[in-house]
Enquirer: 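If you scroll down you'll find the structure; I have some questions about it.
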Number of protein chains: 2
Amino acid sequence: MDDPDAKKKASGMRSAERLLVVLRALNIRNGATVLELNRDTGISRQAIYRILETLQNFGYVRRQDATDRFHLTHLVRRLSAGFKDEEWITDIAAPVLERLVKEVVWPTELAVFSDNAMYIRESTRWRSPFTIDRVTVGQRLPMVASASGRAYLAYCSENERKTILDNLSASEDPFDRLVHRKGYVERALEETRSRGWATGDESFRLHPKTETLAVPILVAGEARAVLPLTYIASAVTAEQIAERHLTQLQSAAREIGTKVQMMQSRDDVANMDAEITPLREAG
Amino acid sequence: MDDPDAKKKASGMRSAERLLVVLRALNIRNGATVLELNRDTGISRQAIYRILETLQNFGYVRRQDATDRFHLTHLVRRLSAGFKDEEWITDIAAPVLERLVKEVVWPTELAVFSDNAMYIRESTRWRSPFTIDRVTVGQRLPMVASASGRAYLAYCSENERKTILDNLSASEDPFDRLVHRKGYVERALEETRSRGWATGDESFRLHPKTETLAVPILVAGEARAVLPLTYIASAVTAEQIAERHLTQLQSAAREIGTKVQMMQSRDDVANMDAEITPLREAG
DNA sequence: TTTTATTGTCCGTTCGACGGACACGATAGT
DNA sequence: ACTATCGTGTCCGTCGAACGGACAATAAAA
């Protein structure tokens with residue numbers, strides 16, 4: 001009875017919500033009058049004045065003198081410039097991983113390449129009952145010794161692989177120095193490609209009892225990230241995991257890859273589904 | 001007396017302001033816990049919860065499951081993607097023009113190149129007592145006939161000039177067709193470069209009584225925009241205007257140019273002067 | 001002149017934001 | 001085990017900020 005509109009939000013701050021709505025409206029129709037914003041958003045004129053004044057205090061909006069239009073300023077970039085392009089994939093992967101952990105009981109992660117190593121960016125470890133180690137987001141994984149690194153190297157572009165291996169040859173990290181072992185990298189990548197998934201070197205273990213298996217996430221045919229699965233070595237073998245879950249892993253990887261590709265191919269992320277949700281009608 | 005804190009803002013909505021502060025804080029330290037945000041911004045924890053919930057409802061923020069950190073999502077781009085790169089220069093020029101109109105009584109404008117013509121993007125006409133026409137923001141100015149177009153063509157890069165003139169040769173616009181007149185463009189540009197400022201063809205007048213004189217705004221040595229000044233032809237000549245105000249015009253143009261250049265050379269607009277202004281201390 | 005459309009501001013009411021207080025869990029030190 | 005410390009999460013009574021109706025002012029249209 002107290003909820004006439006069915007889709008009432010759990011909570012959230014009213015005035016702040018409306019500021020976001022106005023800010024979004026200004027992004028869709030940059031250069032708008034108060035009345036236009038009133039019509040676009042359904043927020044009362046008086047409230048639009050208050051909101052615009054607030055935005056002006058922060059310098060995010062300026063008023064064009066001649067006309068009575070309000071424009072965004074370059075400072076609005078501050079509201080989103082902290083979000084790096086590289087994080088897209090993590091952002092998109094998160095919900096997919098969440099679903100994946102329900103099908104595959106073992107914990108899975110998302111790892112991306114950065115600074116000549118793979119880094120875990122998202123994890124479902126805490127959701128899996130089989131998690132025993134404490135590896136967390138931010139964990140570094142060496143390129144040639146870890147399953148994630150190998151999956152990436154095996155499926156990234158030829159040029160990228162060469163550059164990475166070149167960089168690694170100067171590294172002091174003991175696991176990185178494996179690149180100098182004759183034929184080591186070639187064998188590992190060959191094996192990875194023939195199976196479609198990678199394992200890590202037995203000398204590299206984040207936890208003594210666990211092992212990891214990883215599949216690549218391809219965007220436009222090249223690896224942009226990897227999807228590792230960690231299991232308890234005494235319970236199952238890598239082959240058993242692959243037999244049971246490889247299809248699911250690869251399907252999740254493909255879903256993430258295509259979603260990222262779709263995003264990147266859009267010219268303008270902002271104006272997709274450009275309608276604003278009017279809050280309520282007001283005068 | 002009713003203003004105890006000396007720097008109290010005129011008004012603005014409290015909760016919405018604090019949401020903006022938190023959003024900005026998240027951009028500076030992407031991936032933050034509630035407590036970190038509390039410390040960074042000085043906003044109480046309870047309020048941070050409310051704010052983050054609001055941002056989550058809009059999808060601008062998601063919570064990384066494993067850790068207790070909040071991250072921006074790709075949707076935050078919607079809050080600034082409506083601001084085009086091309087608008088930077090307008091944004092930066094606006095305050096400079098405002099000052100300029102106080103020194104030079106005649107109305108000045110900012111015009112940028114777009115779609116094979118110049119377009120007025122900012123104007124101080126309404127501020128000048130000498131304004132008689134009703135030309136407004138958005139007005140199109142042809143490239144070879146208008147003062148603004150000539151100033152741009154004379155000082156843009158060689159390649160850009162060639163491309164523009166090529167495009168114009170196919171245009172149906174009568175003023176654009178002047179490009180076909182033998183030696184016309186060359187003479188106009190030569191004259192412009194020798195003086196440092198441009199005038200329009202006498203056949204092109206937005207208003208029968210006014211004429212225009214324009215100087216280029218250079219960024220990295222090439223024209224990115226122009227700064228036209230409109231005067232009443234019966235009152236003064238172009239030469240008189242130039243004699244009196246050319247220094248001021250060029251100095252304003254230089255100021256805009258260097259500011260834009262400074263902006264563009266920054267890697268990250270968001271993190272410049274990265275301190276957040278804590279609102280007040282709270283628990 | 002009247003009508004319509006739009007901008008701008010005032011002000012009394014109300015409801016949403018506020019933060020103190022408390023519960024809980026995890027980790028560290030003794 | 002006990003205590004201390006730190007961090008997360010939630011409840012709830014109070015209070016002031018946000019709300020929008022109402023009105024003034026201006027300009028253009030009928």
Side-chain angles (χ1 to χ4, degrees), chain A residues 2-5 8-23 29 31-57 61-71 125-126 131 134 136-137 278-283, chain B residues 2-5 8-23 29 31-57 61-71 126 131 134 136 278-283:
Chain A
D2 54 359
D3 190 352
D5 215 352
K8 186 63 145 285
K9 276 296 149 52
S11 73
M13 310 193 296
R14 179 111 194 287
S15 66
E17 278 178 359
R18 310 211 300 177
L19 176 135
L20 289 174
V21 169
V22 169
L23 193 50
R29 178 214 289 257
T33 66
V34 172
L35 201 62
E36 283 169 347
L37 289 173
N38 163 33
R39 286 202 254 271
D40 286 355
T41 63
I43 296 171
S44 72
R45 256 177 348 101
Q46 302 93 312
I48 302 271
Y49 280 112
R50 286 193 293 271
I51 291 168
L52 287 176
E53 187 175 355
T54 305
L55 287 171
Q56 273 187 333
N57 286 345
V61 158
R62 76 188 166 86
R63 158 178 232 133
Q64 191 158 42
D65 273 333
T67 70
D68 282 331
R69 308 194 99 80
F70 288 85
H71 290 260
R125 284 185 187 248
W126 72 282
T131 300
R134 289 275 179 110
T136 174
V137 169
L279 292 184
R280 58 194 69 182
E281 63 285 356
Chain B
D2 54 0
D3 190 353
D5 214 352
K8 184 65 144 287
K9 277 296 146 52
S11 73
M13 310 192 296
R14 179 110 196 288
S15 67
E17 277 179 359
R18 311 213 298 176
L19 177 135
L20 288 175
V21 169
V22 169
L23 193 50
R29 179 212 289 256
T33 66
V34 172
L35 201 63
E36 284 168 346
L37 289 172
N38 164 32
R39 287 203 252 270
D40 286 355
T41 63
I43 296 171
S44 72
R45 267 187 328 112
Q46 302 93 312
I48 302 272
Y49 280 112
R50 286 193 294 271
I51 291 168
L52 287 176
E53 186 175 355
T54 305
L55 287 171
Q56 273 186 318
N57 286 344
V61 158
R62 77 187 165 86
R63 155 177 236 136
Q64 192 157 42
D65 273 334
T67 70
D68 282 330
R69 309 193 97 81
F70 288 83
H71 289 259
W126 73 280
T131 300
R134 288 273 180 114
T136 175
L279 291 184
R280 59 194 67 182
E281 62 285 356

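Just so we're on the same page: letters track the sequence lines, and every chain starts at 1.
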Enquirer: Between B:Ser15 (side chain) and A:Ser15 (backbone), is there a donor-acceptor pair under 3.5 Å?
Expert: no

Enquirer: Report the nucleotide, chosen from C:dA17, D:dG7, C:dT6, that has the shortest atom-to-atom distance to any side-chain atom of B:Leu35.
Expert: D:dG7

Enquirer: Before giving the answer on side chain to side chain contact (heavy atoms under 4.5 Å, CB included), spell out for B:Val61 and B:His71 the whole-Å C-alpha distance, their side-chain angles and the decisive distance to 0.1 Å.
Expert: CA-CA 5 Å; B:Val61 158; B:His71 289 259; over 6 Å; no

Enquirer: Please report, rounded to the nearest Å, how far the P atom of C:dG8 is from the CD atom of A:Glu36.
Expert: 13 Å

Enquirer: A:Ala47 has a side chain; which of D:dT8, D:dG20, C:dT7 sits nearest to it?
Expert: D:dG20

Enquirer: Could you go through the side chain to side chain contact (heavy atoms under 4.5 Å, CB included) check for B:Tyr49 and B:Val34 one step at a time?
Expert: CA-CA 7 Å; B:Tyr49 280 112; B:Val34 172; 3.7 Å; yes

Enquirer: Strictly below 4.0 Å: does A:Arg14 bring a side-chain N or O up to OP1 or OP2 of D:dA17?
Expert: no

Enquirer: When you get a sec, tell me which of C:dC18, D:dT8, C:dT7 is the closest nucleotide to the side chain of B:Thr33?
Expert: D:dT8

Enquirer: Under the criterion side chain to side chain contact (heavy atoms under 4.5 Å, CB included), I'd like the reasoning laid out for A:Arg45 against A:Arg50: C-alpha separation, chi angles, the key distance, then a yes or no.
Expert: CA-CA 9 Å; A:Arg45 256 177 348 101; A:Arg50 286 193 293 271; over 6 Å; no

Enquirer: For the residue pair B:Arg69 and B:Glu36, establish whether any side-chain heavy-atom pair is separated by less than 4.5 Å.
Expert: yes

Enquirer: CG of B:Asp40 versus P of D:dG7: gap in Å, rounded?
Expert: 13 Å

Enquirer: Rounded to the nearest Å, what distance is computed from the CD1 atom of residue B:Ile43 to the P atom of nucleotide C:dA17?
Expert: 14 Å

Enquirer: At under 4.0 Å, does any side-chain N or O of A:Ser15 touch on OP1 or OP2 of D:dC19?
Expert: no

Enquirer: Between the protein and nucleotides 22-24 of chain C, list every N/O to N/O distance that falls short of 3.5 Å.
Expert:
none

Enquirer: Between A:Ile51 and B:Val34, just flag the one whose closest nucleotide in DNA chain D comes earlier from the 5' side.
Expert: B:Val34

Enquirer: Can you list the residues that meet the salt bridge (charged side-chain N to carboxylate O under 4.0 Å, His left out) rule with B:Arg63, with sequence neighbours excluded?
Expert: B:Asp68

Enquirer: Expressed in angstrom and rounded to an integer, what is the separation of A:Ile48 atom CD1 from C:dT9 atom P?
Expert: 15 Å

Enquirer: Polar atoms only, N or O, under 3.5 Å: list the protein pairs with nucleotides 13-15 of chain C and their distances.
Expert:
none

Enquirer: Let me know the distance between CG of A:Leu52 and C1' of C:dT7, rounded to the nearest Å.
Expert: 13 Å

Enquirer: Could you go step by step and tell me if A:Thr41 and A:Ile48 meet the side chain to side chain contact (heavy atoms under 4.5 Å, CB included) rule?
Expert: CA-CA 9 Å; A:Thr41 63; A:Ile48 302 271; 3.9 Å; yes

Enquirer: A:Arg39 versus A:Leu35: any side-chain heavy-atom pair under 4.5 Å?
Expert: yes

Enquirer: What does the list of N/O pairs under 3.5 Å between the protein and nucleotides 11-14 of chain D look like, with a distance for each?
Expert:
none

Enquirer: Whole Å only: how far is the OH atom of A:Tyr49 from the C1' atom of D:dC23?
Expert: 14 Å

Enquirer: With sugar-phosphate meaning primed atoms plus P, OP1 and OP2, does B:Arg69 contact a base, only sugar-phosphate, or nothing at under 4.0 Å between heavy atoms?
Expert: nothing

Enquirer: Which pair of non-hydrogen atoms, one from B:Ile51 and one from B:Leu19, has the smallest distance, and what is that distance?
Expert: CG2-CA, 3.8 Å

Enquirer: What are the two closest non-hydrogen atoms of B:Ser44 and B:Asn38, and how far apart are they?
Expert: CA-OD1, 4.2 Å

Enquirer: Should A:Met13 and A:Glu17 count as side-chain neighbours, where that means a heavy-atom distance under 4.5 Å?
Expert: no

Enquirer: Test of understanding: with salt bridge (charged side-chain N to carboxylate O under 4.0 Å, His left out), list the residues that count as partners of A:Arg62, not counting sequence neighbours.
Expert: B:Asp91, B:Glu122

Enquirer: Starting at CD of B:Glu17 and ending at P of C:dC18, how long is that distance when rounded to a whole Å?
Expert: 11 Å

Enquirer: Choosing from D:dT8, C:dG8, D:dG20, which nucleotide comes nearest the side chain of B:Asp68?
Expert: D:dT8

Enquirer: Considering just the side-chain nitrogens and oxygens of B:Arg63, establish if one lies under 4.0 Å of OP1 or OP2 belonging to D:dG9.
Expert: yes

Enquirer: Between A:Arg18 (CZ) and D:dA17 (C1'), how many Å, whole number?
Expert: 13 Å

